[in-house]
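What follows is a short report on a single structure.
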Amino acid sequence: MHPLLSPSEKARLTIFSGEDCLYRDHFGRRVVADFEGSGSAWVEKANCPLLAIRDEETAEGFQWTYDSSLTIVALEPGDTIIAAAEPGRKAPTGQSTRIDLPYTGSGWILSAPPSITLDRRHEHPPTPLTDLALPFFMSIEGAGTAEILPSATKCSLIDAFEIGDSEAVKQRRFAVQNMSKLIELDSCFPDGSHRKALVASHLNKASWFITVPSPNDGLLLRRTYDRFHGRQRARVFLDGTYAGYWYEPVQDRECRWYISDFGVPPHLVAGKQLVEIAIDPPPGTPLWSISRMEAYALSHG
């Protein structure tokens, strides 16, 4: 039996060395991990002293659970690898197999050659760790062989639109408050791939409607955006029900295009044909950037 790959099962790594970091706090210190919402995290590697700020209070140790936020500060230059996962995340089970790349399908990567790309995200993912397999939903691009745990989950594109396509925006009843003017951005993704397209940002809630197939095992929302500004975060709602925080802390003012995914649990779309998606940045956060939005439906079997 193949395992079911859940879109709400998130696991991420933050990897930095030397003086590199996500950003520097108001004391000028290196922030090497910054997680919103609830979850758990642990140190995979650190050769420099760390300071953990959990739910706005300092915390001891090298493994934490948190209810609202966790920030890890490196107090000296050095190498750090911080892993984080949502509560209740279960290790994938099943029979691993070795496959030749490229590969189309879904599952978890246990080991792979360098310079692969997952799910057409235009970035090279971190190396899988022994206790933190990397999930993928659509494909692995690259050359060589990889060891994976395959999943029977299928990921199908069900909706996509560009923010500069006025007809597509109108068809989806896209509504937003305080949207900036459309600008043309000519830049690249982290892997150097070029993109020239329109992009805009908004301060308040944006919403639109999509049609979803039934039955399904949840949705995967994908945003292509400008990460000139880091620490972009917003609350995601499905038909008014809170689904979680969508958060991307990193800024990049050279390779400005980036692709970010958000998983919607199955119970929020079960039995529905038309759903309203709302993205609501809270007050005081950076502008929420959007160029292209996509929605994928997951199915099992």
Side-chain angles (χ1 to χ4, degrees), residues 1-13 37-40 83-112 116-121 125 128-129 131-142 145-161 208-223 236-246 259-277 293-301:
M1 178 68 69
H2 289 309
L4 177 64
L5 187 65
S6 168
S8 60
E9 179 182 287
K10 298 178 183 176
R12 64 175 67 183
L13 299 176
S38 63
S40 60
E86 289 187 345
R89 178 179 185 268
K90 298 180 180 179
T93 59
Q95 183 63 45
S96 66
T97 183
R98 296 196 67 82
I99 49 97
D100 293 325
L101 301 179
Y103 176 80
T104 300
S106 63
W108 293 263
I109 296 180
L110 303 180
S111 65
I116 62 170
T117 302
L118 302 184
D119 297 336
R120 303 187 296 274
R121 284 178 56 99
L129 301 174
D131 56 355
L132 191 67
L134 296 180
F136 64 98
F137 292 89
M138 307 170 202
S139 62
I140 312 173
E141 294 83 26
T145 61
E147 183 181 5
I148 68 169
L149 283 173
S151 171
T153 297
K154 297 179 181 179
C155 188
S156 304
L157 180 67
I158 59 171
D159 190 73
F161 69 94
W208 66 97
F209 291 85
I210 65 170
T211 301
V212 298
S214 184
N216 65 73
D217 290 309
L219 305 179
L220 193 70
L221 304 180
R222 169 165 290 192
R223 172 177 69 128
V236 180
F237 296 88
L238 272 290
D239 285 339
T241 300
Y242 174 69
Y245 262 107
W246 196 341
I259 292 174
S260 175
D261 293 335
F262 181 88
V264 177
H267 71 273
L268 293 182
V269 290
K272 297 181 178 181
Q273 293 183 328
L274 186 70
V275 297
E276 181 188 38
I277 299 171
M293 286 297 309
E294 301 169 34
Y296 296 82
L298 302 186
S299 59
H300 189 56

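In this text the structure is predicted, and so the values were computed from the model without any measurement.
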Atom pair [atom1]/[atom2] of [X] and [Y] - distance to nearest 0.5 Å:
X	Y	atom1	atom2	result
I99	I109	CD1	CD1	7.5 Å
T104	M138	OG1	CE	11.5 Å
I210	F161	CD1	CZ	9.5 Å
I277	L221	CD1	CG	5.0 Å

For [X] versus [Y], what's the shortest heavy-atom pair and its separation?
X	Y	result
D261	R222	OD1-NE, 2.8 Å
S214	K272	CB-O, 4.3 Å
P102	E141	CB-CA, 4.3 Å
S299	D217	C-OD2, 3.4 Å
A243	L268	CB-CD1, 3.5 Å
G218	V269	CA-CG2, 4.2 Å

[Y] and [X], any side-chain heavy atoms less than 4.5 Å apart:
X	Y	result
V264	V275	no
C155	L298	yes
R98	S111	yes
F136	I148	yes
I158	L219	yes

Keeping [X] on the side-chain end and [Y] on the backbone end, is there a donor-acceptor pair under 3.5 Å?
X	Y	answer
D100	T145	no
T153	S106	no
D159	A295	no
R223	S260	no

**Request:** Just do the side-chain contact (heavy atoms from CB on, under 4.5 Å) check on D119 and I259 with the steps written out, would you?
**Result:** CA-CA 10 Å; D119 297 336; I259 292 174; over 6 Å; no

